Amino acid sequence: SPEYQSVGETGKRTLWAVFVIMTLASAAFAGMSWTVPVNKRIFHFITTLITIFAALSYFAMATGHGVAYHHIVVNESHPHVPDTQHDIYRQVFWARYVDWSVTTPLLLLDLCLLAGLNGAHILMAIIADVIMILTGLFAAFGSEGTPQKWGWYTIACIAYLVVIWHLALHGRAMAMSKGGNVARFFGALAGFTLILWTAYPIVWGIADGARRVSVDAEIMCYAILDVLAKVGFGAWLLIMHNRMPEIGLEL
Ligand code: RET
């Protein structure tokens, strides 16, 4: 008989809680834009869009949308027993990938503009990031036991290294050339981002990849990461923006 791995009560409550947090953060970030001149609100605009998108995606997931059962076939072999086929149906929230394909480029845009990267480097970092998310989506729906699944995962990890390359090398160099507070702040915010983002492929590998944890545990891990990577990141950026006028970009 097939085994179903589905969201439970804890998972549902967590999805609703993050929806509320993202909505409140959107209102707060939009409100903060009133504290700076109209032509200096580019970071507020980008950062508010990030939490609005996350709120939409969490609303979809909390109400049972943006999710599909992924059929996984596991061939079990035991000594002295003929091979048996075990069917697993696990819920995969594809809404996350829709969210990430929009919000991770926007998060990168925040960092790139803070560093003062030029358009070509921004574009390359963002394209590598979109490749990372879309190949991650292929990995999530890849068939179990085929080389494709971890193959897509590997490609996504390489794309992630390209993103890090652009930010850590070019971004850091540009930020350093600005000197002083901006250089220090970019280093801190980019370091925070690097640590958080690197946790995503680890959670993916344990949850979606190896299915070692329940769907609810997976939801909770991503919930903590999403709140830190979007709300924590955004709050830090916008608060520092008000303290350090030199961060502000003229539109
Ligand atoms: C996947 C799986 C394939 C390998 C890699 C991944 C990286 C995902 C990242 C996601 C970041 C998400 C953020 C969300 C916003 O809050 C797709 C999980 C490398 C880095 C920051």
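This is a predicted model, so every value here is computed, not measured. One-based numbering, in listed order, for ligands and for the atoms of each.
Taking the side-chain contact (heavy atoms from CB on, under 4.5 Å) definition, one finds that Ala60 meets it with His65, sequence neighbours left out. Residues satisfying the side chain to side chain donor-acceptor pair (under 3.5 Å) criterion with Gln91, sequence neighbours excluded, are absent altogether.
Note on ring orientation: taking the six-membered ring where Trp is involved, the planes of Phe19 and Phe59 are tilted (angle from 30° to 60°).
Closest to atom 21 (C) of ligand 1, if we only count protein heavy atoms, is Trp197 NE1, 3.3 Å. Of the protein's non-hydrogen atoms, Lys230 NZ, 2.9 Å is the one closest to atom 16 (O) of ligand 1. Of the protein's heavy atoms, Ala156 CB, 3.5 Å lies nearest to atom 4 (C) of ligand 1. In this structure, atom 17 (C) of ligand 1 lies nearest to the protein heavy atom Gly136 CA, 3.9 Å. Here the heavy atom of the protein found nearest to atom 8 (C) of ligand 1 is Tyr200 CB, 3.7 Å. Looking at atom 5 (C) of ligand 1, its nearest protein heavy atom turns out to be Pro201 CB, 3.7 Å.
Taking the ring centre of Phe45 as origin, the terminal cationic atom of Arg41 falls outside the region bounded by 6.0 Å and 45° from the ring axis.
Side-chain atoms of Ser26 come within 3.5 Å of backbone N or O of Ile52 as a donor-acceptor pair. With hydrogens and angles disregarded, no donor-acceptor distance shorter than 3.5 Å links the side chain of Asp87 to the backbone of Pro2.
Residue Thr104 touches ligand 1 through its side chain alone, judged by heavy-atom distances below 4.0 Å.
Residue Trp204 has at least one heavy-atom neighbour below 4.0 Å for each of these atoms of ligand 1: 2 (C), 18 (C). Interface of Tyr153 with ligand 1, defined as ligand atoms under 4.0 Å from a residue heavy atom, comprises 3 (C), 4 (C). Interface atoms of ligand 1 facing Ala229, defined by a heavy-atom separation under 4.0 Å, are 16 (O), 21 (C).
A centroid separation of 6.0 Å or more is found between the aromatic rings of Trp197 and Phe192.
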